[in-house]
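Below is one structure, written out as structure tokens; comments come after it.
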Amino acid sequence: MNWLENAISDYYNWLRKNTYIDSDTQTDWAVITTPFDGMFNDPIEIYAKKEGDTIHLSDDGVTLHNLELSGVNFSRSPQRKQWLDFVLLNYGIRLSNNELCVDANVKDFAQKKHNLLSAISEISDIELTAKHIISSMFRDDVKALLDEQNIVYTSQFIVKGSTGIDFTFDFQIASKNKEIVLKSFNSLTKANVPSFLFGIDDVKTVREKISGKQLASIAVINDIDKEIKPEFVNAFAQKHTDIIFWSKRNTPESLSKLRA
């Protein structure tokens, strides 16, 4: 497993090298510029301020503002608002004056920052959803597929990795000797693909030791009317993650991947 440890170390180094911090001494706020791209291919930024033992983290309202610029309005769509509330609840993020916010302390800062970054990335993804005007969220479509196949699963499966960070997968399918974690991708980006693969790397050894089962992973990708970049497909292959393209979801090959 030395190659995997080296790969994770390289990811840590890349993440730290490409993370920048700029502080404003007048307001005591600091901006953390991450290496992950936002909606307009600009870096995702997180704002932080420490008051006593509490560290306030915020996106400064950028996420929802950018979505409004793209024509996505949550107040006019109960379904989108329900989905937004679900994502916020899932990651423990609150909405305050259109800002995505969370409070942390020194001990759980890494987890809370990770949760906020994950929420920003996932919420930003709805911009593509709106463009294609699909009737339901892609995760719900994947859930319906599992139900149609009479597959027993756990939704929103949370696993703690070797770094101590909790990772949430959309679904988990388990059998006696194997379990599968699934992530549904309505679109593939430079933020959500590395984040998912890092999570798999981080939890695999720990989870297999605890459960005594082989841990496998599947990326269910919405490729309907979309061009899937080969670089993302190659990334999944290199990390031994199976792919189910939505256009081929009912083929015997795809359905066999869902059987643990």
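This is a predicted model, so every value here is computed, not measured.
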Do [X] and [Y] have side-chain heavy atoms sitting under 4.5 Å apart?
X	Y	result
R259	I151	yes
I180	F171	no
L15	F198	no
R249	E148	no
D37	T189	no

Just by distance, do the side chain of [X] and the backbone of [Y] share a donor-acceptor pair under 3.5 Å?
X	Y	answer
D108	A104	no
N105	K107	yes
S58	D60	yes
S121	L117	no

- Query: Are W14 and I32 connected in the hydrophobic side-chain network, where two residues link if heavy atoms are under 4.5 Å apart?
  - Reply: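 Yes: a chain of side-chain contacts under 4.5 Å links W14 to I32.
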- Check: F232 ring centre within less than 6.0 Å of F185 ring centre: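 So the answer is no for these two rings.
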- Task: Hey, could you give me the NZ/OG distance between K204 and S162, rounded to the nearest 0.5 Å?
- Result: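 If I round to the nearest 0.5 Å, the distance is 13.0 Å.
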Taking atom types as modelled and ignoring hydrogens, do the side chains of [X] and [Y] form a donor-acceptor contact shorter than 3.5 angstrom?
X	Y	value
Q111	N115	yes
T54	D103	no
Y47	E99	no
D202	T163	yes

- Quick one: do H114 and F167 satisfy ring pair (Phe, Tyr, Trp, His ring centres under 6.0 Å)? Show the steps, please. CA-CA 9 Å; H114 171 79; F167 293 89; 5.1 Å; yes
